[in-house]
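Report on the structure given below.
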2 protein chains.
Amino acid sequence: MAAPIPEVVILRLPLYFRVLTLLQDETEIVSSQELGARLQITPAQIRKDLSYFGKFGIQGKGYKVNQLLGELRQILGLDRKWSVVLVGVGRLGRAILDYSTLGPHGFHITAAFDTDPRQIGKKVGQLIVQDIAVLSDAVKNQDLNIGIVAVPPSEAQEVIDRLVSCGIKAILNYAPAAPAVHSDVRVYNIDPVVALQTLTYHLKCLSTP
Amino acid sequence: MAAPIPEVVILRLPLYFRVLTLLQDETEIVSSQELGARLQITPAQIRKDLSYFGKFGIQGKGYKVNQLLGELRQILGLDRKWSVVLVGVGRLGRAILDYSTLGPHGFHITAAFDTDPRQIGKKVGQLIVQDIAVLSDAVKNQDLNIGIVAVPPSEAQEVIDRLVSCGIKAILNYAPAAPAVHSDVRVYNIDPVVALQTLTYHLKCLSTP
DNA sequence: GTGTGTGAATGTTTTCACAGCG
DNA sequence: CGCTGTGAAAACATTCACACAC
């Protein structure tokens, strides 16, 4: 079953997972119809997406919420804890640490780094900010899996290269940059400004018909 | 020129805009080749994307950086200021206000609201938190264009309905929910947990080949 | 009857490849 | 020559529609 699953499908699975989590103490069984209604996704799409991974439904009924949750948990790799390293503890990095609703979802920020010598040694939250020079050791010793990058754009590429050279294969990038990485490394960019700029395009379209 | 531009194209335009901004005091002219190299996007794709809006290049040369920036600014509606209203001033909302690199890009958070009576009247940053009940007046009086939603998931749909009923047509949603809206309203969801969950999928794939 | 799973059909996006222009 | 702009082709994603299972 080493079929190549489209990336768009992977992007939707976490949405299914979340809705099912909400649904789990509300109902036993849910149809692709109902699921789709809550997510603005067609039932056919949901069924097709799930069919890439197996047959999880009961014909004529729908999907057992708990069972499907279990399947998705396994598919997405959520049946374990993940250790996350934060690089960049400026305002943004601190906000991420502080806000961080990540814990309940199995993600734990277990190390923090910065390139700025003035930050090193300082305590943010529970963590002591370390010099990025010792990143490599920390990744090995603490089994860090995922990097969150919250450094200024000018440093992003360098920091990401460093994470990659330490063996990190998944990066959540908050820096407004489009870093280049080897193809076996995944980078997910989050950038509110880019998001807002797509929104203004649509606003402009509405006002000039 | 009322052609239907694919949404994926709109999602890429802000990326072009940003790279061009970086490039503008470095070079006069840039080719789709170079632009693509910086963004991991094929030159053909860039040319095609731009061709939806007009002919901006010089054959045999490339694109004049400044001119293309101007065109994109106009296309994306970035040639004006936009007023943003923040709903939800809990930890996340405060982080957004505090972090906010939005100003330099022409986005200004000019009002803050909350549903929690204990927050109302408090000062966050420059703003006084207002009762969501008076949102409607504020939207009209201050010409608010965009809503940022940073409330708990259980309130997200209600808050978004309210924004929409006040005439807001563009929403940046940080709440982990997939709200339903009328089709002339744009919602862009930002959810780090969903992002991380797509990353873990790929990590899991690497470890079980 | 009801809703899943799925091949086939449709629609959309990306890539190709080349004519034409500076 | 070098690179844009663009129809046409290829790749990809979504929707349809129905056989089949409960």
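Everything quoted here is computed from the prediction, not taken from an experiment. Order of the sequence lines fixes the chain letters, A, B, ..., with proteins taken first and strands second; residue numbering starts at 1 for each chain.
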Taking atom [atom2] of [N] as reference, at what distance in whole Å does atom [atom1] of [X] sit?
X: Gln67(B); N: dG22(C); atom1: CD; atom2: P; answer: 14 Å
X: Ile29(B); N: dG22(C); atom1: CD1; atom2: C1'; answer: 11 Å
X: Leu50(A); N: dT6(C); atom1: CG; atom2: P; answer: 11 Å
X: Phe53(A); N: dT4(C); atom1: CZ; atom2: P; answer: 18 Å
X: Phe56(B); N: dT6(D); atom1: CZ; atom2: P; answer: 11 Å
X: Leu13(A); N: dA13(D); atom1: CG; atom2: P; answer: 14 Å
X: Gln33(A); N: dT15(D); atom1: CD; atom2: P; answer: 13 Å
X: Glu34(A); N: dT4(C); atom1: CD; atom2: C1'; answer: 14 Å

Is there a side-chain contact between [X] and the phosphate of [N], meaning an N or O under 4.0 Å from OP1 or OP2?
X: Ser31(B); N: dC3(D); value: no
X: Ser32(B); N: dT4(D); value: yes
X: Tyr63(B); N: dG2(D); value: no
X: Arg47(A); N: dG5(C); value: no
X: Lys55(A); N: dT6(C); value: yes

Between [X] and [Y], is any side-chain donor less than 3.5 angstrom from a side-chain acceptor?
X: Glu155(B); Y: Thr115(B); value: yes
X: Ser136(B); Y: Lys140(B); value: yes
X: Asp161(A); Y: Gln157(A); value: yes

(request) With Leu69(B) as reference, evaluate Arg73(B), Gln67(B), Glu71(B) under the side-chain contact (heavy atoms from CB on, under 4.5 Å) test and give the passing residue. (result) Arg73(B)
(message) Quick check on side-chain contact (heavy atoms from CB on, under 4.5 Å): which of Asp114(B), Val87(B), Leu163(B) does Ile132(B) satisfy it with?
(response) Val87(B)
(message) For Leu76(B), is there any backbone N or O sitting under 3.5 Å from a side-chain donor or acceptor partner on Thr200(A)?
(response) yes
(message) Between Arg91(B) and Asp98(A) (side chain of the first, backbone of the second, donor and acceptor by atom type, cut-off under 3.5 Å), is there such a pair?
(response) yes
What does the list of N/O pairs under 3.5 Å between the protein and nucleotides 11-14 of chain C look like, with a distance for each?
| from | atom 1 | to | atom 2 | distance (Å) |
| --- | --- | --- | --- | --- |
| dT14(C) | OP1 | Arg12(B) | NH1 | 2.9 |
| dT14(C) | OP2 | Arg12(B) | NH2 | 2.8 |
| dT14(C) | OP2 | Gln45(B) | NE2 | 3.1 |
| dT14(C) | O5' | Gln45(B) | NE2 | 3.1 |

(request) Please report the shortest heavy-atom distance between Ile41(B) and Arg12(B), naming the atom on each side. (result) CD1-CD, 3.7 Å
Show me the protein contacts with nucleotides 19-22 of chain D, counting only N or O atoms at under 3.5 Å.
| from | atom 1 | to | atom 2 | distance (Å) |
| --- | --- | --- | --- | --- |
| dC20(D) | O2 | Gln59(A) | OE1 | 2.9 |

(request) Go through the structure and list residues passing side-chain contact (heavy atoms from CB on, under 4.5 Å) with Arg38(A), not counting sequence neighbours. (result) Val19(A), Leu23(A), Glu26(A)
